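The structure under discussion appears below in the form of structure tokens.
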2 protein chains.
Amino acid sequence: MLKVVGKDGGGEVRSMNDSMTNGDAPPETVGEMGSDEAAPKARRGTGRRLHGAIAHKLGAAIVSGEYRPGDTLSGEVAFSEALDVSRSAYREAVQVLSAKGLVESRPKTGTRVLPRSRWNLLDPDVLAWAFSGEPDIHFVRSLFELRAIVEPAAARLAAERRDKTDLKDMRDALGAMRRHTLATDAGRAADRDFHNAVLSATRNDALVVLSASIGAAVAWTTQFKQRSRALPRNPVPDHVKVYDAIAAGDVEAAGEAMRLLVDLALEDTRSAMEG
Amino acid sequence: MLKVVGKDGGGEVRSMNDSMTNGDAPPETVGEMGSDEAAPKARRGTGRRLHGAIAHKLGAAIVSGEYRPGDTLSGEVAFSEALDVSRSAYREAVQVLSAKGLVESRPKTGTRVLPRSRWNLLDPDVLAWAFSGEPDIHFVRSLFELRAIVEPAAARLAAERRDKTDLKDMRDALGAMRRHTLATDAGRAADRDFHNAVLSATRNDALVVLSASIGAAVAWTTQFKQRSRALPRNPVPDHVKVYDAIAAGDVEAAGEAMRLLVDLALEDTRSAMEG
DNA sequence: TCCTTTATATTACTCCGACATATTAGTTTG
DNA sequence: CAAACTAATATGTCGGAGTAATATAAAGGA
């Protein structure tokens with residue numbers, strides 16, 4: 001009934017952060033919706049598919065702690081009806097969450113939220129969901145700690161193995177960083193490009209993949225930095241030091257310069273979030 | 001036609017490692033099957049669902065290079081018919097692969113394999129698929145290099161932050177390692193437990209998640225080690241050195257002991273795979 | 001009394017066939 | 001020759017029917 005889905009007739013971009021706050025129903029099964037039939041309906045923006053939008057909605061709700069580990073979602077039929085989507089779309093969304101280790105579905109038991117340790121927190125999508133709300137400061141510190149471990153070591157490897165192409169990529173990224181500031185999208189993209197170029201120069205696939213995750217997280221936090229106050233420092237000189245050391249093949253200096261860069265970024269982010 | 005699916009009338013547990021070797025169709029669209037209608041049908045073992053089995057089959061085929069980046073899978077209807085499964089099951093499998101960054105589906109264009117850089121190589125499932133066939137030696141080296149970066153740093157953090165519970169977990173794991181050898185499943189599990197305990201002691205969620213990925217990869221390579229020749233060295237003393245340093249709170253010694261441990265493991269694996 | 005086995009109910013899983021939507025490619029028109 | 005329009009095609013979405021698996025409860029045996 002009244003399943004007007006297609007036919008974008010009228011802006012039906014309903015609110016997202018609406019009811020579904022089941023704080024009064026502490027027992028177990030979540031996903032119920034008290035209201036009669038006005039559906040929450042997480043509508044997608046252009047390009048995103050419906051099941052993608054549902055996965056985003058549910059994933060964000062899970063990582064934000066709205067659904068806690070051990071909770072069991074209300075059944076497929078009930079939940080898909082509550083969201084006003086077909087069971088197919090809902091199931092495909094659940095498959096995505098299951099693939100990322102957020103939930104597990106079994107007959108008779110239902111689909112329940114897995115413990116945090118099973119979550120694929122380094123998955124770019126999961127990171128995006130985690131940062132779509134208020135990010136957990138503790139988790140952000142974890143990410144920067146990981147970055148402080150990985151990136152200096154990567155810079156050392158890059159100083160050993162880089163070739164002319166890698167150096168050119170880094171120079172290009174540095175130039176773009178100089179032209180645009182970190183306040184613009186282009187500037188942040190250039191920052192990512194620089195770090196990606198360093199990681200790529202390590203000739204290590206695992207590190208490159210990890211860079212995609214860390215880079216995404218750093219991009220989010222950088223945006224938070226910008227939100228709170230104007231950029232406090234010009235990041236280009238620090239990056240140039242890293243480049244110079246890598247270009248010179250100086251392993252120790254490269255690692256040290258990158259360590260300094262990450263430490264400063266962490267300092268900025270911490271003061272921005274705590275302050 | 002003749003899609004007798006349900007009603008288990010007759011054992012329809014077809015073969016798994018069957019045809020679908022499209023080495024002779026190099027152009028682009030893959031997934032075609034020359035034979036008339038004898039379906040390949042990747043059947044699942046108990047517990048695994050059908051779409052999970054399909055995802056495993058396709059995922060393994062992609063990471064093993066059978067389908068190369070840029071290739072376009074034949075349409076949903078054609079491919080699902082070729083696999084003798086419903087379109088729904090096939091679509092759910094593709095959603096899983098899409099969630100892990102292996103493929104991307106768009107209307108009209110079809111489903112195509114994404115470039116390696118988009119793959120979520122640290123995802124436990126993807127790692128399992130990568131190691132289900134002959135693992136790429138270069139990739140294994142990358143993983144150990146990452147391990148050599150992360151684990152010593154983690155040991156240093158653990159030496160700072162561990163509490164009594166962490167130390168007890170490590171002791172228990174060491175005891176289990178002593179009782180069983182690395183040749184048994186229980187022994188390998190104990191090895192994983194020890195490293196997980198170290199990572200947990202860092203109080204860093206990102207590191208813990210990474211440990212799940214690295215641990216899985218190490219487990220696979222350890223099995224390969226065992227396959228080639230009897231275990232060449234008793235790993236317990238090296239682990240004890242790490243434990244002693246962490247228990248004593250000696251940051252430098254912990255990092256150094258762990259570095260040595262990982263280096264030796266890499267050495268063993270390399271000689272086992274190259275030899 | 002306790003453990004094992006069987007029955008049952010609930011839930012996810014699979015299948016199907018139709019329609020909607022988006023994107024590319026070809027066609028027409030200015 | 002270029003831009004807008006039309007048509008074809010593959011993915012996306014839908015709803016309903018039926019199957020398989022499993023946790024819980026009941027019955028039986030030690």
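So you know, we letter chains A, B, ... as the sequences are listed, proteins then strands, and number each from 1. Everything quoted here is computed from the prediction, not taken from an experiment.
Contacts between residues 95-107 of chain B and DNA chain C, defined by a heavy-atom separation under 4.0 Å, are made by B/Arg106, B/Pro107.
Atoms CG (A/Leu50) and P (D/dG15) sit 11 Å apart, rounded to a whole Å. Straight-line distance from the CZ atom of A/Arg48 to the P atom of C/dT21: 19 Å, rounded to whole Å. If you take OH of A/Tyr90 and C1' of C/dC13, they are 14 Å apart, rounded to a whole angstrom. In this structure, CD of B/Glu76 is placed 14 Å from C1' of C/dG17, rounded to the nearest angstrom. Atom CD in A/Glu81 sits about 16 Å away from atom C1' in C/dA12, given to the nearest Å. One atom, CZ of A/Arg112, and another, P of D/dT22, lie 15 Å apart when rounded to the nearest Å. In this structure, B/Lys108 places its NZ atom 9 Å from P of C/dT24, rounding to the nearest Å. Atom CZ of B/Arg91 and atom P of C/dC13 are 17 Å apart (whole Å).
Ion pairing between A/Arg188 and A/Asp185 holds under the 4.0 Å rule for side-chain N and carboxylate O.
Look at A/Ser86 and you won't find any side-chain N or O under 4.0 angstrom from OP1 or OP2 of D/dT13. For the pair B/His51 and C/dT14, the criterion of a side-chain N or O lying under 4.0 Å from OP1 or OP2 is met. Residue B/Arg87 places no side-chain N or O under 4.0 Å from the OP1 or OP2 atom of C/dC16. For A/Arg49, no side-chain nitrogen or oxygen approaches OP1 or OP2 of D/dT13 to under 4.0 Å.
Donor-acceptor pairing under 3.5 Å is lacking for the side chains of A/Ser80 and A/Arg87.
Between the B/Asn204 side chain and the A/Ser142 main chain, a donor and an acceptor come within less than 3.5 Å of each other. Between the side chain of A/Thr111 and the main chain of A/Ser105, no donor-acceptor pair closer than 3.5 Å is present. Side-chain atoms of A/Trp119 come within 3.5 Å of backbone atoms of A/Leu114 as a donor-acceptor pair (strictly under, hydrogens ignored).
Take the nearest nucleotide of DNA chain D for B/Thr109 and for A/Gly52: the residue whose nucleotide is more 5' is B/Thr109.
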- A/Asn196 and A/Ser211: side chain to side chain donor-acceptor pair (under 3.5 Å), yes or no, with the steps? CA-CA 7 Å; A/Asn196 281 340; A/Ser211 88; 3.2 Å; yes
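Residues B/Gly70 and B/Arg112 share a closest heavy-atom pair of O-CZ, 4.1 Å.
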